[in-house]
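Throughout, numbering of the chain's residues begins at 1 and tracks the sequence. First listed ligand is number 1; within each ligand, the first listed atom is number 1.
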Amino acid sequence: MKFYSTNNPELRVGFKEAVFNSMPQDKGLYMPVEIPRLPDGFFTNLDRYTLPEIAFHVAQNLLGEDIPGDDLKTIVQDAINFYAPAVRLEDNVFVLELFHGPSLAFKDFGARFMSRVMSYFLQDGEKQLDVLVATSGDTGGAVALGFLGVPNTRVTILYPKGKVSHIQELQLTTNGQNIRALEIDGTFDDCQALVKQAFTDAELNERFRLTSANSINIARLIPQTFYYFSAYAQLLKRGISKVVFAVPSGNFGNIGAGLLAWKMGLPVEHFVAATNANDTVPAFLRTGVYEPKPSVATLSNAMDVGNPSNWVRIQDLFKESPSTLNELIKGSTYTDEDTTESINDIFKQYNYVACPHTAIAWKALKEYQQEHIDADTAGIFLSTAHPCKFPDVFDGDVAKAVTIPAEVEALETRKKQAVNLGTDFAGFKGYLLQNS
Ligand SMILES: *Cc1c(COP(=O)(O)O)cnc(C)c1O
């Protein structure tokens with residue numbers, strides 16, 4: 001597969017180059033030159049396949065020219081080694097649980113696949129790959145655990161001191177091996193600014209082979225299509241063939257992957273993009289005006305994004321017919337009060353605890369279903385993280401009902417290892433140079 005840039009349709013780069021660059025020099029985003037349409041037979045027989053089988057088939061259609069079949073199969077099986085069950089909560093309402101990977105968030109799909117692809121493309125004897133990643137919580141954990149023990153790679157995570165949850169901090173700081181954590185006396189934006197500056201610093205680029213692991217990397221987007229196909233397969237098994245997806249959205253990578261799956265032929269009736277108060281995209285879908293804003297802090301903080309970086313990809317997917325995008329996707333936006341209320345409603349109705357991001361998607365799905373009554377169409381809302389990662393948002397009976405997975409309990413016994421730094425670039429650069 002060759003890739004072009006959303007800023008330059010004439011550009012052609014191979015998959016390896018697109019993965020290591022993360023972003024083209026022109027600051028666009030990489031997009032596949034051709035989006036293969038999977039054969040009809042694949043969809044009608046989808047219910048016979050497991051998640052890794054589906055994932056391999058989809059990956060092979062996109063990347064068959066770049067990675068030989070056996071190697072791609074190994075990468076997929078190693079990366080997607082956990083379940084993504086579609087759990088029935090009531091008639092025509094299913095939750096797709098994407099949090100059964102090591103960091104308990106859907107970002108494991110992207111991070112684990114990307115890390116293995118990068119490791120695969122690193123030739124023996126090549127310079128070690130240094131991954132720099134700024135995180136507000138979930139990305140860092142997924143990237144750290146995705147690269148943990150992967151040969152010839154090292155990850156440096158920058159996170160804002162006191163601004164990630166306890167479990168997130170444990171996931172970032174207790175790994176050792178090829179993972180190191182920097183606790184920055186500042187905000188997520190400060191962390192991101194440090195990483196961005198490092199990428200433009202000549203001396204650091206001379207010394208290290210730097211790469212970013214952020215959510216715009218094409219190797220993170222592709223594996224996120226897998227679970228849309230797998231969700232559809234699970235509903236087919238129940239005799240359901242018409243589905244609507246509601247997706248809690250921040251940077252719009254997750255829903256972007258869903259739309260890519262649709263382009264590959266997955267017969268989805270509709271998508272609902274659910275956001276918190278950071279409503280740039282729902283406002284655009286309503287008014288036709290795209291107006292990025294500074295992000296505002298909410299309870300669903302992994303979606304606090306005022307200028308979603310993957311939105312240009314979605315616009316690019318529909319550049320030939322922008323009206324199709326408006327027909328296919330609806331935007332819904334909710335306040336923190338709506339979020340808390342939804343968490344409580346979900347608990348009351350199903351005895352189920354949803355994380356704040358997930359609760360927003362449920363609300364958006366229920367509202368959509370009220371407006372479009374159709375007994376033949378099932379709604380699937382994506383659960384992007386395990387509730388135990390966000391303990392501060394729950395209280396009362398809901399808080400008591402949050403279960404702590406055994407692997408998280410085990411983290412409590414491990415020692416936090418993090419180096420504390422300020423927000424000045426000189427300090428960060430000095431650290432990198434002295435600890436090479
Ligand atoms: C990252 C994240 C999101 C947002 O996903 P995007 O792909 O950025 O839209 C939603 N929920 C959780 C828990 C996340 O970690």
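- Counting the atoms of ligand 1 from 1 in the order shown, those under 4.0 Å from a heavy atom of Ala385 are 13 (C).
- A distance of 6.0 Å or more separates the ring centres of His57 and Phe229.
- In this structure, Arg209 satisfies the cation-pi test against Phe20, with its NZ or CZ atom closer than 6.0 Å to the six-membered ring centre and inside 45 degrees of the ring normal.
- In Lys389, neither the side chain nor the backbone holds a heavy atom less than 4.0 Å from any atom of ligand 1.
- The shortest N/O to N/O separation between Ala105 and ligand 1 does not fall below 3.5 Å.
- Backbone and side-chain nitrogen or oxygen atoms of Thr384 are examined, and one is located within less than 3.5 angstrom of a nitrogen or oxygen of ligand 1.
- Of all atoms in ligand 1, listed by their number and element, those nearer than 4.0 Å to a heavy atom of Ser249 are 9 (O).
- Geometrically, ligand 1 and Gly250 share a nitrogen or oxygen pair separated by less than 3.5 Å.
- Salt bridge annotation for Lys416-Glu183: present, with a cationic side-chain nitrogen under 4.0 angstrom from a carboxylate oxygen.
- You'll find the ring centres of Trp262 and Phe245 outside the 6.0 Å limit.
- Among the atoms of Asn251, some N or O lies under 3.5 angstrom from an N or O of ligand 1.
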Give the intermediate values and the outcome of salt bridge (charged side-chain N to carboxylate O under 4.0 Å, His left out) for residues Asp279 and Lys293. CA-CA 9 Å; Asp279 67 342; Lys293 307 171 206 173; 2.6 Å; yes
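- Atom 14 (C) of ligand 1 has Lys107 NZ, 2.8 Å as its closest protein atom, hydrogens excluded (heavy atom only).
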